[in-house]
Chemist: 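Next up is a structure, given as structure tokens.
Throughout, a chain's letter reflects where its sequence line sits, starting with A, and its residues are numbered from 1. Only heavy atoms go into these numbers, but all of them, side chains included; no hydrogens, no water, no symmetry mates.
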Protein chains: 2
Amino acid sequence: MTEMQTSPPPVKRRGPPPKLTREAIADAALDLIDRDGIRALTMRRLALELGAGAMTLYGYFSDKDELLDFALDRAARRFDFAIGEGPWRAQLRELVQTMMRALTEHPGAVETRARRPILNPGWLRAGEAGIGILLEAGFDITEAAAAWRLLFTFTFGYAAFSAAEPSPAQQAEWQRQLAALPAEQYPVMAGEATQLVSWMAGRRPFDHGLELILDGLEARLALLR
Amino acid sequence: MTEMQTSPPPVKRRGPPPKLTREAIADAALDLIDRDGIRALTMRRLALELGAGAMTLYGYFSDKDELLDFALDRAARRFDFAIGEGPWRAQLRELVQTMMRALTEHPGAVETRARRPILNPGWLRAGEAGIGILLEAGFDITEAAAAWRLLFTFTFGYAAFSAAEPSPAQQAEWQRQLAALPAEQYPVMAGEATQLVSWMAGRRPFDHGLELILDGLEARLALLR
DNA sequence: ACCTGAACACCGTTCAAGT
DNA sequence: ACCTGAACACCGTTCAAGT
């Protein structure tokens with residue numbers, strides 16, 4: 001009962017520490033963010049995990065922002081965003097879902113960027129593919145750019161403003177919060193709390209929203225032709 | 001030439017300091033965020049602006065997160081999200097644009113929340129109105145919830161992942177960045193840099209994306225009937 | 001009851017010095 | 001050339017004490 005729990009060693013590394021490069025540092029940063037959230041990513045702690053002094057990192061990145069940018073770019077580069085076969089709707093769906101998968105694997109990465117467009121080469125490759133599909137489908141450059149912006153924003157926004165995998169306890173808590181709202185003022189939210197909460201979690205609402213956007217694009221394309 | 005610039009007094013207040021309340025503290029926090037960005041919002045500086053000791057704030061909020069939550073809620077409550085007249089499409093457009101206006105007035109507020117759904121009463125009032133419009137239009141609760149989620153996410157995502165009002169210099173810089181990409185790998189991005197950048201700034205791409213979503217909803221509704 | 005200075009355990013980054 | 005300890009100017013928050 002009073003036995004001490006043996007906590008695992010704080011750093012577990014097989015073999016020698018990886019040679020320090022911008023890439024190795026960014027990967028370690030993504031690891032750390034994914035494990036413990038963006039707030040856990042401090043220069044000191046990251047350096048410690050890499051077996052280096054905190055100041056060593058400044059030999060590779062001019063500051064923390066540059067490191068975060070590079071890490072977000074790198075998260076994108078792990079996916080190739082190749083354009084698949086078939087009609088444009090299926091191609092676009094596949095591409096957007098690949099983007100979402102990239103963000104799901106690095107749920108903290110999205111927190112690294114706010115209040116400015118995401119303009120690094122890794123994510124621009126997704127844009128290149130997406131706008132290419134839309135141009136091929138028959139949209140002009142203006143329509144294609146706006147449509148891509150919508151798809152991109154929905155994907156990043158969804159990753160940013162939703163919980164990745166809320167526990168049943170968390171879902172129950174949300175349901176309680178909604179149900180507790182005054183029913184006269186919030187008839188839908190309070191009355192349909194159960195169904196609404198089941199639609200807040202997971203990937204299903206994302207997929208549904210994506211199909212809605214694709215419906216809109218098909219309708220728009222029909223008008224252009 | 002060597003004349004010292006007289007810097008303005010750091011705190012400029014007319015009349016006595018406002019009585020401290022949760023509301024007054026949250027308003028001061030929104031002010032501070034809007035002026036100098038989320039990073040400038042520290043408990044110490046906020047307290048200083050309110051003419052109080054840093055620890056005083058902890059008499060009103062249990063921690064900084066709770067204060068940020070309350071401030072984001074309060075930003076929403078400044079708008080009433082009333083449902084207007086006319087067909088559902090116009091009602092929904094108006095509602096979403098009101099949400100965007102609220103976020104535009106407090107560009108930093110959106111940074112306060114990430115990795116969890118936005119579930120405070122202020123923003124839920126917008127959801128109540130939006131889902132109400134969709135139900136009235138003929139969608140069932142599941143479709144309405146997913147559609148609202150899409151609209152909400154697009155709006156918050158757009159506020160989060162775009163620059164509010166990029167300067168011409170900033171736009172020129174982005175254009176340079178895009179044009180500098182290798183043309184073989186990024187034919188669209190590099191080739192159409194000028195047009196793409198003009199579509200990255202301001203509210204126009206948001207309005208366009210909103211219409212695309214509304215097109216999708218109309219197409220879906222036609223199938224349901 | 002309401003407020004707060006001092007203190008604690010942190011940050012990012014500069015600087016000057018180590019090898 | 002590459003790395004880093006000490007130091008600076010900050011953080012959020014606890015605690016114990018003020019009024």
Chemist: Checking all strands, does B:Thr56 fall into the base, sugar-phosphate, or nothing category for heavy-atom contacts under 4.0 angstrom?
Modeler: base
Chemist: When we call it a touch if two heavy atoms are under 4.0 Å apart, what does A:Leu57 touch: a base, just sugar-phosphate, or nothing?
Modeler: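 Nothing, no nucleic acid heavy atom in range.
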Chemist: Can you tell me how far P of C:dC10 sits from CZ of A:Arg45, to the nearest Å?
Modeler: 11 Å
Chemist: Hey, does the Lys NZ or Arg CZ of A:Arg22 hover above the aromatic six-ring of A:Phe70, less than 6.0 Å from the centre and inside 45° of the axis?
Modeler: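 That pair qualifies as a cation-pi contact.
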Chemist: A:Leu67 has an atom CG; how far is it from atom P of C:dG12, in whole Å?
Modeler: 11 Å
Chemist: Does either side chain, that of A:Gln175 or that of A:Thr194, offer a donor lying less than 3.5 Å from an acceptor on the other one?
Modeler: yes
Chemist: Which part of the nucleic acid does A:Leu46 contact within heavy-atom distance under 4.0 Å: base, sugar-phosphate only, or nothing?
Modeler: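 Since no nucleic acid heavy atom lies under 4.0 Å of A:Leu46, the category is nothing.
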Chemist: Rounded to the nearest Å, what distance is computed from the CG atom of residue B:Leu50 to the C1' atom of nucleotide C:dC3?
Modeler: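 My rounded result for the distance is 14 Å.
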Chemist: Has A:Tyr60 got a side-chain N or O lying under 4.0 Å from the OP1 or OP2 atom of D:dC2?
Modeler: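 No, A:Tyr60 has no side-chain N/O under 4.0 Å of OP1/OP2 on D:dC2.
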Chemist: Please report the distance, rounded to the nearest Å, between CZ in B:Arg44 and P in C:dA7.
Modeler: 13 Å
Chemist: Quick one: on DNA chain C, does A:Ala40 or A:Met55 contact a more 5' nucleotide (nearest heavy atom)?
Modeler: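 Closer to the 5' end of DNA chain C: A:Ala40.
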Chemist: Classify the nucleic acid contact of A:Met43 as base, sugar-phosphate or nothing, counting any heavy atom under 4.0 Å across all strands shown.
Modeler: sugar-phosphate
Chemist: For C:dC10, give its Watson-Crick or G-U wobble partner with both distances under 3.5 Å, or none.
Modeler: none
Chemist: A:Leu48 has an atom CG; how far is it from atom P of D:dG5, in whole Å?
Modeler: 11 Å
Chemist: Mind checking A:Ala52 for me? I need base, sugar-phosphate or nothing, with any heavy atom below 4.0 Å counting as a touch.
Modeler: sugar-phosphate
Chemist: Please report, rounded to the nearest Å, how far the C1' atom of C:dC10 is from the CZ atom of A:Arg39.
Modeler: 14 Å
Chemist: Is it true that A:Glu192 and A:Gln195 share a donor-acceptor pair across their side chains at a distance under 3.5 Å?
Modeler: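 Their side chains do contain a donor-acceptor pair, which is all the 3.5 Å distance test asks for.
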Chemist: Given A:Ile25, which of A:Thr56, A:Leu30, A:Leu20 fulfils the side-chain contact (heavy atoms from CB on, under 4.5 Å) condition?
Modeler: A:Leu20
Chemist: Can the ring centroids of A:Phe206 and A:Phe154 be said to lie less than 6.0 angstrom from one another?
Modeler: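 Distance test on ring centres: under 6.0 Å, yes.
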Chemist: Partner lookup for D:dT19, please. Criteria are Watson-Crick or G-U wobble with both distances under 3.5 angstrom; report none if nothing qualifies.
Modeler: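 C:dA1 is the nucleotide pairing with D:dT19.
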Chemist: Can you check the A:Tyr58 OH to D:dA1 C1' distance for me, whole Å?
Modeler: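 One finds 20 Å between C1' of D:dA1 and OH of A:Tyr58, rounded.
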Chemist: Using whole Å, what does the distance between atom P of nucleotide D:dC10 and atom CG of B:Leu41 come to?
Modeler: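 That distance rounds to 16 Å.
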